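Here is the naming used below: chain letters follow the sequence lines, and residue numbers restart at 1 for every chain. Worth knowing before you read on, the calculation uses all heavy atoms, side chains too, and leaves out hydrogens, waters and symmetry mates. In this text, all values refer to a predicted model and were calculated from it rather than measured experimentally.
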Number of protein chains: 2
Amino acid sequence: MMSKIIDGKMVSKEIKEELKEKVSKLKNKPTLVVISVGDNEASKVYVGQKEKCANYIGINYQHLHFDKIEDDKLIKEIDKLNKDNSVNGIIVQLPLPKGMNETKIVNSIVKEKDVDGLTYYNAGLLLNKEKCLVSCTPKGIMELFKRYHVELKGRHVVVIGRSILVGKPMMNLLINADATVTLCHSKTENLEKITKKADILVVAIGKKHFITRDMVRRGSVIIDVGINRCDGKLYGDVDYDNVYDKVKLITPVPGGVGPMTVVMLMQNVIESYEMMHNGK
Amino acid sequence: MMSKIIDGKMVSKEIKEELKEKVSKLKNKPTLVVISVGDNEASKVYVGQKEKCANYIGINYQHLHFDKIEDDKLIKEIDKLNKDNSVNGIIVQLPLPKGMNETKIVNSIVKEKDVDGLTYYNAGLLLNKEKCLVSCTPKGIMELFKRYHVELKGRHVVVIGRSILVGKPMMNLLINADATVTLCHSKTENLEKITKKADILVVAIGKKHFITRDMVRRGSVIIDVGINRCDGKLYGDVDYDNVYDKVKLITPVPGGVGPMTVVMLMQNVIESYEMMHNGK
């Protein structure tokens, strides 16, 4: 029997090699600047992963760290990077320390360098099905659908979670791919009735094993975006062990959606580089 | 028995009076500029409706008409209006003549004067649940929900149609109001199974009597955005006569959603005026 596992770890390695090959042929190295403020522990881990991945692929990685900085000064720093032709991608590592205006700061990044796809303008472009930089996690999920030949056109996809980083861009990517999409969230009533109808279920709600066996449709495809830490172990939003034999395809946690995100960030940096150099 | 009809004609009249009252108390008259190009017959009708409504409410109405104009020149005209402090709202009457770049032209309007809510930036703001100018038809539908006390939180709303003017902003407004939303469209499979589950059904597909009695849920609320002309008469997307006794509330065509749209445009002009003058 074929494996049911959508192996994001393996796919992300394949893509990393493809991107490395691609970068080696470019005239200059693309440059990514990561901005962080304060000392969030989780952020340090994520920033480290980005650096490692950028180095592997051959992307020039710069880290701008501030222990403390005022909003206006940070926006001025971003503006310098916006105008610097040698910079292709800018990300602000979230969350910022309390009291800082994340929305205003993120939206000060020009759309062409917004490799996290978080600015209003990029969100609007995506909604309008225009070429744009797309948020990395949903972009990674779309890539998994492609590589595992999951047909989206006409299928009913249920997305749980309406965050700006995952749920909402996921919804728009799926609609653009001709899927029928239902967006559920914490206020949804009778969730089980809805999830049981899903051909494809994308869960990004951040609750350990929230989706149980009786909530999924037999033969469906399950994408688990959750990363819940508990007693030093990682758990998804889906009760994987009990759901596994009922479904057609499923992403494990860890090793499913997670590894795709960083690689998609690098792909965005390269796309941004190409747009700047080819006027595409 | 209470009437099941959502009387958009009546509600729009009420709002018109409210807006007239509001404008009478403002220091200056808010100004709306409508730009049209070419000689689209339907556009002439719509432009006329806007002028009439603006005049009634006391909004200063200006019509800039070009028989023919190049994209760049039109964008320069828009830019003049963007910078003119006496102008509060700018709309470009669509469709523009073939060959003109509607997207580029519409997006040259500054977000503060984009009273049709059509720019990418405003779409992104709406997606992020930020204060913004919202597309008039879905804004009008939200107003109808409010005035008819239709609870949205937790309810399952099915929207048919994914246009930039109606379906997509409708979806985002409903999600922001804590509804669970399914977006369906021409590629949706088993549409009937989905519409039958809807607590509220919003139809904007542009096909006469596309929604039949067996497709709606008993006791549901039906919003019909369709305006289909046939033999000189107007028909909705819903087979009203046969659906009527099965549902709780329903908008007629004409006299339902239609009359709300122009009034919501005027409300947007006033909101834009207030934002400019109060820095809200």
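In summary, of the residues considered (B:Val202, B:Leu191, B:Val225), a side-chain contact (heavy atoms from CB on, under 4.5 Å) with B:Ile160 occurs for B:Leu191 alone.
Taking each heavy atom of A:His156 and B:Ile194 in turn, the nearest pair found is ND1-CD1, 4.3 Å. Here the shortest heavy-atom pairing between A:Arg217 and A:Asp199 reads NH1-OD1, 3.1 Å. Contact record, B:Ser272 with B:Val115: CB-CG1, 4.2 Å, taken as the closest heavy-atom pair. For the pair B:Leu125 and B:Cys132, the tightest heavy-atom approach, listed with the atom from each and the gap, is CB-CB, 3.6 Å. Across A:Ile90 and A:Ile109, no two heavy atoms sit closer than the pair O-CD1, 3.8 Å.
Heavy atoms of A:Thr103 lying under 4.5 Å from chain B belong exclusively to its side chain. Only the side chain of A:Lys197 comes within less than 4.5 Å of a heavy atom in chain B; its backbone stays farther off. Only the side chain of B:Ile164 comes within contact range of chain A, with heavy atoms under 4.5 Å apart. For A:Asn190, no part lies near chain B; criterion is any non-hydrogen pair under 4.5 Å. When heavy atoms are compared at a cutoff of 4.5 Å, B:Thr119 does not approach chain A at all. Heavy-atom distances place the side chain of A:Lys168, and not its backbone, under 4.5 Å from chain B. Neither the backbone nor the side chain of B:Asn122 comes within contact range of chain A, judged by heavy atoms closer than 4.5 Å.
Most heavy-atom pairs under 4.5 Å with chain B: of the set A:Val159, A:Thr180, A:Asn107, A:Ile175, this distinction falls to A:Thr180. Each of B:Ala123, B:Ala179, B:Cys184 has some count of heavy-atom pairs under 4.5 Å with chain A, and the biggest count is that of B:Ala179. The choice from B:Lys153, B:Lys193, B:His185 that makes the most heavy-atom pairs within less than 4.5 Å of chain A is B:His185. Between chain B and the residues A:Leu174, A:Leu126, A:Leu127, A:Val157, the largest count of heavy-atom pairs under 4.5 Å involves A:Leu127.
At most 12 heavy atoms of other shown residues, nucleotides or ligands fall within 6.0 angstrom of atom NZ in A:Lys196.
Note: A:Ile105 CD1 to A:Leu74 CG = 5.0 Å, rounded to the nearest 0.5 Å.
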